[in-house]
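Numbers restart at 1 for each chain; the letters A, B, ... are given by sequence-line order, proteins then strands.
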There are 2 protein chains.
Amino acid sequence: MSTTSTAPTGRRARTRQRLIDHGLELIERQGYEQTTAAQIAAAAGVTEMTFFRHFATKEQLVLEDPYDPFLASGIGEQPRELPPLRRAAAGILAVWRSLPEPEQPEIRRRVRIAARTPALRGAMWRSTGNTEAAIVAQLVDDGTDPLDARVAASAVLAALVTGLYAWADGEVETLGAAIERALAVVGADRD
Amino acid sequence: MSTTSTAPTGRRARTRQRLIDHGLELIERQGYEQTTAAQIAAAAGVTEMTFFRHFATKEQLVLEDPYDPFLASGIGEQPRELPPLRRAAAGILAVWRSLPEPEQPEIRRRVRIAARTPALRGAMWRSTGNTEAAIVAQLVDDGTDPLDARVAASAVLAALVTGLYAWADGEVETLGAAIERALAVVGADRD
DNA sequence: GCGACTATGTTAGTGACTAACATTTCCCTC
DNA sequence: GAGGGAAATGTTAGTCACTAACATAGTCGC
């Protein structure tokens, strides 16, 4: 096997990347609804069918899960006396602070498109499913009632996504600042 | 003008009601994706075109905003010392407690369908737009920073919707109990 | 170079919607 | 209780997201 496990370079990977590049550019220029899958495919030098073989839906071209179930991993280290919402928020904040800064320009481009496209704002919630499940599992593991855990997880992710939108729109300088503020509102630090 | 402002009974209203009745029944029996707009229209004795004249999208047949911007009206009466998330949660809880019990069977039917249909879970967030805006406006009016207000509003609504799902799925006995629990998790009462 | 496998192309279809125009049904007025 | 005009619905012909079945073309190990 090749050692370049992080950046595959086969034919399929190249086609996929062309679809992403041309797709995001077209969508930013013309808007999401005004850009058809066929257009993107043509721009990438490929047929519509091939587009859908790479992305099950048009949404997925934009919403390549920017979320990460890994975010939930810090929750277990938070004091159990805290109520679930604050434990979740504090745990995510701790993980975030320990992470290297991610690929911001690419993520921001995607989030900005999602923030401006009503149809995608809804889809964004679906794409957080894995992360939400991970947060719920972690909270329940630590003894939280399952319903309370689901409520807390959805609230924390809603706050996070809202913060991301603000960052993508330029209301907040850095991604880090947006996340810190969003999590503060849901009680990551004591209020 | 007629005095029956609450229950229109014209031809259009009757057609709309037939579409809702047959639509919800078909969808509950066969699933949302498996039920086409044409099927629903035929069951209601009209054409597909008429269906879309009553509901801009198939989603809207199910998601006739069960949310109410009126929920935001109690936020102004909460103490301003509270952080925004808790003010929003406490305000909504206060309004809820002051309301008469709504039409539960109909709402529950809709929420249950939405809870079981991934495509609708995303759409549900879009349909809370008005309520979210009302909460944000109320918080900002009372002096909250706009970004914090948006984060708090989205978190409160996420909690509410998650509670509603649990109620529709039968995990919580009453709608009231579901709402109280969901709002408690986001700090409606002191923790 | 040659097969096996993978990536892409072709064709034909379904279903959610939209636009433009024709037709029916209701209801209000005289 | 006709008649006219608006509201409600029907018809037709599309576009676009997405799917299925089968055909072709690159690619890679050997």
*Closer than 4.0 Å, any side-chain N/O of Thr47(B) to the OP1 or OP2 of dG10(D)?*
yes
*Between dT9(D), dA16(C), dT27(D), which nucleotide has the shortest distance from any of its atoms to the side chain of Arg11(A)?*
dT27(D)
_ILVMFWY cluster, Ile92(A) and Ile107(A) together (side-chain gap under 4.5 Å)_ = yes
*Reckon Thr50(B) has a side-chain N or O less than 4.0 Å from the OP1 or OP2 of dA8(D)?*
no
*Charged N to carboxylate O under 4.0 angstrom, Glu180(B) versus Arg97(B)?*
yes
*asked:* With a cut-off of less than 4.0 Å, is there a side-chain N or O of His54(B) near OP1 or OP2 of dT9(D)?
replied: yes
*Could you state the atom-to-atom distance from CG of Leu19(A) to P of dA17(D) in whole Å?*
14 Å
*asked:* If I take atom CZ in residue Phe55(A) and atom P in nucleotide dA7(C), what distance separates them, rounded to the nearest angstrom?
replied: 14 Å
*asked:* Between C1' on dA13(D) and CD on Glu48(B), what's the gap in Å once rounded to a whole number?
replied: 13 Å
*asked:* In this structure, how many angstroms lie between the P atom of dC17(C) and the NZ atom of Lys58(B), rounded?
replied: 8 Å
*Are Arg181(A) and Glu171(A) within salt-bridge range, i.e. N to O under 4.0 Å?*
no
_Distance check needed: dG15(C) C1' versus Tyr32(B) OH, whole Å only._
12 Å
_Taking the minimum atom-to-atom distance to the side chain of Thr36(A), which one of dA16(C), dC16(D), dT9(D) wins?_
dC16(D)
*Side chain of Met49(A): nearest nucleotide among dA16(C), dT11(D), dA21(D)?*
dA21(D)
_Once rounded to the nearest 0.5 Å, what's the spacing between atom CD of Gln34(B) and atom CZ of Arg29(B)?_
13.0 Å
*Please confirm whether any donor atom in the side chain of Arg53(A) sits under 3.5 Å from an acceptor in the base of dG9(C), or the reverse.*
yes
_Phe52(B) side-chain proximity, nearest of dC17(C), dG9(C), dT11(D)_ = dC17(C)
*Could you tell me whether the side chain of Trp167(A) reaches within less than 4.5 Å of the side chain of Ile179(A), counting heavy atoms only?*
no
*d(CZ, Arg12(A); C1', dG9(C)) in whole Å*: 15 Å
*Which residue, Arg14(B) or Thr35(B), contacts DNA chain C at a nucleotide closer to its 5' end, judged by nearest heavy atom?*
Thr35(B)
*Considering heavy-atom distances to DNA chain D, does Gly10(A) or Val46(B) have its closest nucleotide positioned more toward the 5' end?*
Val46(B)
_Gap between atoms CD and C1', on Glu33(A) and dC16(D) respectively (whole Å)_ = 11 Å
_Length of the line joining Gln34(B):CD and dT19(D):C1', which is rounded to integer Å_ = 14 Å
